[in-house]
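This is the structure I have questions about; it appears just below.
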Amino acid sequence: MRKYCLIPLFFMFVFQNIQAQTLSKDERMQWWREAKFGMFIHWGVYAQYAGTYNGHEQAKGGAEWIMNRSKIPYKEYQAIAKDFNPIQFNAEQWVKYAQEAGMKYIVITAKHHDGFAMFKTNASKWNIVDATPYGRDILKELAAACKKYNMKLGFYYSQAQDWINPGGAASRKLMNEGWANPDSTTIDNFTKLHDGHWDALQETKTFDEYINQVAVPQVKELLTNYGDVSVLWWDTPVNMTNDAAKKLNELLKLQPNIITNDRLKKPEYPGDTRTPEQKIPGVKDLDNNDWETCMTMNGTWGFRASDNNWKSSKVLIQNLCDIASKGGNYLLNVGPKADGTFPIESIDRLKEMGTWLQKNKESIYASKASPIGSFDWGRCTTNLTKQGLAVYLLVFNWPANGSLNIPLIKNKIKRVTVLETGEKCSFVNNEVNTNITIPYNAPNDKVSVIKLLLKGDKIL
Ligand code: GLC
């Protein structure tokens, strides 16, 4: 009799444990919403071309697209894996760069559109372990380093486009849009083939076969063999079907707390996050969704030797502030070189961003969007703390007259300080404005932050 009484207890125990693992969306999103700043990494065998094929500079687009843009023959592209030997790759060093920059998560291309898996996979030989002299699973090493340094790790996976695993989709990029291979005999194939393919070897299987034999098993591997995966970042749903999207989406259950984006298939799979690319949305474009702007530091995702169009660290810091002031995240890209090192220009910028964040971190991490809009002189974020409501004025253009005007704040203002020095600022209210007296010289040459501490939990 007693034995039977224990059965319901057993089920209650099991049920509670299942429940404990299933977080609500808000709980699942919490770390991400607080993180604000992450590192995108685009790395693959294409880094060896560095944007140039047979002496022709790729005319347009990210250098990770060179196989498609230049219509490089299948076998020829495949052969470059034999030279991929990034002996300088050091997972811990990469994670340290991210951490020192103040980034809280990393999203790396596990497989980009060229189909090359940067991990050991049983679904295709076209992977870093089986096809290169390097022979190491860099995702394994990165996952271990992230775990060691408490960095969240996510995987980018090109689920539809795959230019090497047969049956994968290819977006058609026309010749006048970045043709870097005018002499190639593949031009004939290019005009004959369908679906954006330019080499018959891409068409020896169907899209469904590619999904079932490559994409599904690889995503399963990614979500099983690397510990906690924080983000699955899909991209370019070219020719994507509902059936394929459903199968891939189901796999996310392998990581119950994973966060995913809106690029699996539109509009059926909106995911958790919107992904504006290379741009920061205006407040009007935002509709209460979580969003993350992904952006390059120069003009390319994958490494391109000739791209010197680097944004200054000042612009990058101001972008981070702008994004935080609108409630989004900044996923900033690094395109490592073929030897496994980061371009020096990226390292410099990461360091400068880290230095700024070190002094001004409380205005960014876990901050909330500005309730009082944007200003000509800069942006605003808020953060509810135990001491009261902190309002941060992120000043891009330091007023020469030593005074900063914001709309009248009716709360009791406990104090106003320059965040990085602690220097106190005086303030007065008139009918329409709160006017803050600030030092004549900007305390920071990138963005200077003034902190107001208010009584209450919202601006009155
Ligand atoms: C694009 C490109 C790609 C890049 C990505 C980043 O859709 O196809 O090369 O990885 O955006 O957002």
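Each ligand, and each atom within it, is numbered from 1 in the order the structure gives. For the single chain, residues carry numbers from 1 onward in sequence order.
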Query raised in the report: According to the interplanar angle, ranging from 0 to 90°, do the rings of Tyr49 and Tyr77 count as parallel (below 30°), tilted (30 to 60°) or perpendicular (above 60°)?
Result: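 Correct class here is parallel.
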
Requested in this report: Might you list the protein residues in contact with ligand 1, defined as having a heavy atom under 4.0 Å from one of its atoms, sorted by chain and number?
Outcome: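 Phe40, His42, Glu64, Trp65, His112, His113, Tyr156, Trp233, Asp235, Thr236, Arg263, Glu277, Cys294, Trp301.
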
Requested in this report: Could you verify whether a donor N or O on one side chain and an acceptor N or O on the other, from Tyr97 and Asn90, lie under 3.5 Å apart?
Outcome: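 Short answer, no.
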
Query raised in the report: Do the side chain of Asp199 and the main chain of Gln202 share a donor and acceptor less than 3.5 angstrom apart?
Result: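 Here the side-chain-to-backbone pair does not exist.
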
Report task. Give a yes/no verdict on a cation-pi contact between Lys71 and Trp198, requiring under 6.0 Å between NZ or CZ and the six-membered ring centre and an angle within 45° of the axis. Result ->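 Output yes; distance and angle both within limits.
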
Query raised in the report: Looking just at side-chain N and O atoms, do His113 and Ser158 make a donor-acceptor pair shorter than 3.5 Å?
Result: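 Side chains of His113 and Ser158: pair found under 3.5 Å.
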
Query raised in the report: Is Lys111 paired with Asp162 through a side-chain N to carboxylate O contact shorter than 4.0 Å?
Result: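 Salt bridge between Asp162 and Lys111, a charged N being under 4.0 Å from a carboxylate O: yes.
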
